[in-house]
Chemist: 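Structure below; questions to follow.
Counting starts at 1 for both ligands and their atoms, following the listed order. These figures come from a predicted structure and were not determined experimentally.
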Amino acid sequence: MQFDRSGFSDEKLLQLYTELVRPRMIEEKMLVLLRQGRISKWFSGIGQEAIAVGATMALDMDEYIMPLHRNLGVFTARKMPFDKLFMQWQGRKEGFSKGRERSFHFGANEYHICGMISHLGPQLAIADGIALAHKLKKENKISLAFSGDGGTSEGDFHEALNVAAVWGLPVIFLIENNGYGLSTPVNEQFVCKQLADRAIGYGMKGITIDGNNILEVNKTIAEAREYCIKEQKPILVECMTFRMRGHEEASGVKYVPKELFEEWAVKDPVSNFEAYLLKEGVLTDAKIEEIRNSIRKEIEEGLDKGFAEPPVTPNTAEEVADVYAPAKAVITPPANGNETEKKYIQAISDGLRQSMERNPNLVLMGQDIAEYGGAFKVTEGFVDLFGKERVRNTPLCESAIVGTALGLSIKGFKAMMEMQFADFVTVGFNQIINNLAKIHYRWGQNADVVVRMPTGGGVGAGPFHSQSNEAWFVHTPGLKVVYPSTPEDAKGLLIASLEDPNPVMFFEHKALYRSISGLVPDDYYSIEIGKARQVQEGSDISIITYGAGVHWATDYAKHHPDISFDIVDLRTLLPLDYDAIKASVMRTGKVLLLHEDTLTGGIGGELAAWIAANCFERLDAPIGRCASLDTPVPFAIELEQNFMAKGRLHQEIEKLVNY
Ligand SMILES: Cc1ncc(C[n+]2csc(CCOP(=O)(O)OP(=O)(O)O)c2C)c(N)n1
């Protein structure tokens with residue numbers, strides 16, 4: 001292995017050596033503990049340490065890194081105390097995630113590390129968001145994200161690189177090409193010659209280097225950093241290395257030919273660097289002993305503290321409370337009483353515009369939302385008001401944009417992403433469900449992101465432009481799900497969603513956009529998330545509903561004055577307003593749960609269970625559910641009408657009346 005020490009002082013070389021040895025020694029100790037049955041699982045990075053350490057030490061301490069499961073060297077080079085790290089791995093409360101996350105699936109803002117989720121690829125787009133924050137603030141900083149060779153096959157890899165290239169984001173994408181993805185060798189993973197060649201397809205620079213040579217890694221990443229800052233562009237760096245152990249210790253290494261281990265053992269990053277420094281006279285045997293003894297001591301002390309720490313005692317209230325970032329329940333009333341008649345869509349646009357005026361750190365992203373004004377024109381004229389930096393057309397890549405929104409949030413920005421249609425959320429699903437929703441519970445980082453979801457049918461748009469998919473998100477702790485039915489609520493709730501530090505899925509019914517009007521306060525105001533609206537009080541039948549269902553119910557009530565309806569517009573589906581639900585049931589004793597979403601697994605089922613458990617004595621009839629057919633949403637208008645819950649409303653109400 002050829003080392004080139006030009007530009008490296010003796011002091012720097014010693015520092016690199018110490019940081020390189022530390023993860024190796026920790027891992028060797030962990031492998032012993034694993035064999036003794038004192039720890040449960042270990043993903044080894046032995047043989048790859050030069051990449052994590054060399055890269056981390058080329059960055060400023062306040063530049064974010066998105067590491068993966070083999071990058072202990074990132075955590076140690078960022079000076080995370082070993083005892084706390086060990087407690088993290090052991091699931092202790094004093095670790096970095098209060099015992100909620102395993103191994104390296106955690107982050108810590110004081111160390112500028114954003115933790116991975118198991119899905120690997122989603123890390124990359126978070127780096128885009130962080131780099132975008134640097135770019136918007138004109139800071140000379142970069143972000144760095146890791147991927148394995150296996151991870152490069154994920155769509156998230158492609159999307160993140162493409163966004164970074166198109167937007168000119170200072171990101172270093174670093175591939176650790178260690179020959180295997182679990183048991184899959186690289187020739188079954190990709191057929192390009194080098195993974196760095198993929199950079200060409202994204203219009204960015206790509207280089208391949210020896211990942212086992214710490215000086216080469218450190219120098220390359222330092223230069224890449226300068227390049228990203230100066231050119232305001234991303235770069236792809238592929239580090240060739242080898243995984244000297246199994247995917248994780250239990251998986252074994254039977255699938256790897258023995259010769260490969262022999263070939264790569266000779267290229268070991270630690271022993272080669274040590275030998276080089278001895279030859280250069282930078283290290284002596286005594287100095288090596290001194291460094292290793294000091295690390296050994298640190299490990300032993302950390303283990304003593306870690307093993308002494310008792311297992312976590314569950315506190316259910318704390319577990320539940322930490323799912324969400326604390327949200328100030330400040331409700332802003334409009335400053336004056338002026339109101340204007342507005343369509344539902346205008347009210348949304350109004351709320352968004354006023355939020356942009358109030359929050360200079362709010363960034364809007366979505367397909368065609370800039371000059372074109374969005375598929376439904378919600379952001380028409382916004383570019384002129386706020387500029388293209390804050391009103392951003394995105395490439396067609398929902399997953400990367402949700403990830404970018406999270407990256408922005410980590411840097412203190414607020415982000416709104418417009419799904420062109422709610423149906424397309426499926427391709428951004430993982431980032432929403434697993435990153436946005438869980439991140440606060442996992443390691444205390446919030447996701448200050450609103451995803452706007454033009455939803456619903458009734459407009460003859462077929463199976464992929466008509467779905468009601470709110471129930472998918474209601475089932476995900478950590479999200480808030482808001483679904484207004486009137487212009488006034490749409491504006492006030494959108495403002496509240498943008499003020500809320502938590503991720504909010506904001507559903508806007510497309511069929512209401514231009515069909516519903518109402519008086520809307522002119523000023524900025526917010527409406528509390530989690531509070532239902534009593535549309536009308538009555539004594540015969542409760543209709544508990546939301547979205548288009550509110551209009552179906554009120555229309556029905558208008559045409560049936562002989563029945564006294566109590567209509568509740570839930571407005572927020574997560575968290576639900578159980579007080580309002582209960583109060584309504586208490587007034588009537590007969591309940592119909594109405595939604596446009598399909599029946600099975602819809603929110604009506606959850607509400608029915610809750611009402612049965614909490615209002616049983618007051619019920620005078622079985623709880624009714626009126627929902628759409630359990631089929632995809634058909635295109636032909638006759639079929640769609642047949643699909644829609646609305647067509648069965650009369651029949652379901654009759655059942656309750658006649659019970
Ligand atoms: C989306 C997803 N699919 C499958 C897995 C299971 N899995 C975990 S690690 C891994 C291999 C990753 O290989 P690579 O990206 O090369 O990283 P390495 O482990 O070699 O460092 C797989 C398939 C996963 N974590 N996420």
Chemist: State if His247 counts as touching ligand 1 under the rule of any non-hydrogen atom under 4.0 Å.
Modeler: yes
Chemist: Give the atom numbers and elements of ligand 1 that come within less than 4.0 Å of a heavy atom of Asn178.
Modeler: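 Those atoms are 18 (P), 20 (O), 21 (O).
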Chemist: Output yes when a protein non-hydrogen atom is found under 4.0 Å of atom 13 (O) of ligand 1, and no otherwise.
Modeler: yes
Chemist: Report yes or no: is the cationic atom of Lys480 (NZ for Lys, CZ for Arg) closer than 6.0 Å to the six-membered ring centre of Tyr324, at no more than 45° off its axis?
Modeler: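 Yes, a cation-pi geometry holds between Lys480 and Tyr324.
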Chemist: Atoms of ligand 1 less than 4.0 Å from His69 heavy atoms?
Modeler: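 It comes down to these atoms of ligand 1: 18 (P), 19 (O), 21 (O).
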Chemist: Answer side chain, backbone, both or neither: which part of Glu176 comes under 4.0 Å from ligand 1, heavy atoms only.
Modeler: neither
Chemist: For Arg102 and His69, test the side chains for any donor-to-acceptor distance below 3.5 angstrom and give the result as yes or no.
Modeler: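 No donor-acceptor contact under 3.5 Å links the two side chains.
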Chemist: Looking only at non-hydrogen atoms, which of Phe157, Phe146, Tyr180 approaches atom 20 (O) of ligand 1 most closely?
Modeler: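 Comparing heavy atoms across Phe157, Phe146, Tyr180, the nearest one to atom 20 (O) of ligand 1 lies in Tyr180.
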Chemist: Starting from atom 7 (N) of ligand 1, find the nearest protein heavy-atom neighbour and note its residue, name and distance.
Modeler: Leu182 CD1, 4.5 Å
Chemist: Just need the protein heavy atom nearest to atom 17 (O) of ligand 1, so name the residue and atom and give the distance.
Modeler: Gly148 CA, 3.8 Å
Chemist: How far is atom 2 (C) of ligand 1 from the closest protein heavy atom, and which atom is that?
Modeler: His119 CA, 4.3 Å
Chemist: Are Ser153 and Gln189 linked by a side-chain donor-acceptor pair shorter than 3.5 Å?
Modeler: yes
Chemist: Which bit of Asp149 is near ligand 1, meaning a heavy atom under 4.0 Å away: side chain, backbone, both or neither?
Modeler: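 It is both backbone and side chain that touch ligand 1.
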Chemist: Report the nearest protein non-hydrogen atom to atom 25 (N) of ligand 1: residue, atom name, distance rounded to 0.1 Å.
Modeler: Ser118 O, 2.7 Å
Chemist: Which residue owns the protein heavy atom closest to atom 15 (O) of ligand 1, what's the atom, and how far is it?
Modeler: Gly151 N, 2.8 Å
Chemist: Which heavy atom of the protein is the closest neighbour of atom 16 (O) of ligand 1, given with residue, atom name and distance?
Modeler: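 Heavy-atom neighbour on the protein nearest atom 16 (O) of ligand 1: Gly150 N, 2.7 Å.
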Chemist: Does the side chain of Asn434 come under 3.5 Å of the side chain of Asn430 through a donor N or O and an acceptor N or O?
Modeler: yes
Chemist: Quick one: does NZ or CZ of Lys233 land under 6.0 Å from the six-membered ring centre of Tyr227, within 45 degrees of the ring axis?
Modeler: no
Chemist: Side chains of Ser147 and Glu176: any donor to acceptor distance under 3.5 Å?
Modeler: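 Side chains of Glu176 and Ser147: no pair found under 3.5 Å.
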Chemist: Assess, by modelled atom type and distance only, whether the side chains of Gln90 and Glu309 contain a donor and an acceptor separated by less than 3.5 Å.
Modeler: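 There is no such pair (donor and acceptor under 3.5 Å, judged by atom type) between the side chains of Gln90 and Glu309.
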Chemist: Looking only at distances, please establish whether an N/O atom of ligand 1 is found under 3.5 Å from an N/O atom of Arg243.
Modeler: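 For ligand 1, there is no N or O atom that lies under 3.5 Å from one belonging to Arg243.
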Chemist: Going by heavy-atom distance to atom 18 (P) of ligand 1, choose the closest among Glu154, Arg70, Gln48.
Modeler: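 That would be Arg70.
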Chemist: Would you check if the side chain of Arg198 reaches a backbone N or O of Thr152 as a donor-acceptor pair within less than 3.5 Å?
Modeler: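 Indeed, once roles are kept as given, a pair shorter than 3.5 Å links the two residues.
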Chemist: Given the protein's heavy atoms, is any one of them under 4.0 Å from atom 4 (C) of ligand 1?
Modeler: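 Protein heavy atoms within 4.0 Å of atom 4 (C) of ligand 1 - there are none.
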Chemist: Please determine if Arg38 forms a cation-pi arrangement with Phe307, meaning its NZ or CZ atom is less than 6.0 Å from the six-membered ring centre and no more than 45° off the ring axis.
Modeler: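 Yes, Arg38 sits over the ring of Phe307.
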Chemist: Should the pair Arg392 and Trp167 be classed as cation-pi, given the thresholds of under 6.0 Å to the six-membered ring centre and 45° from the axis?
Modeler: yes
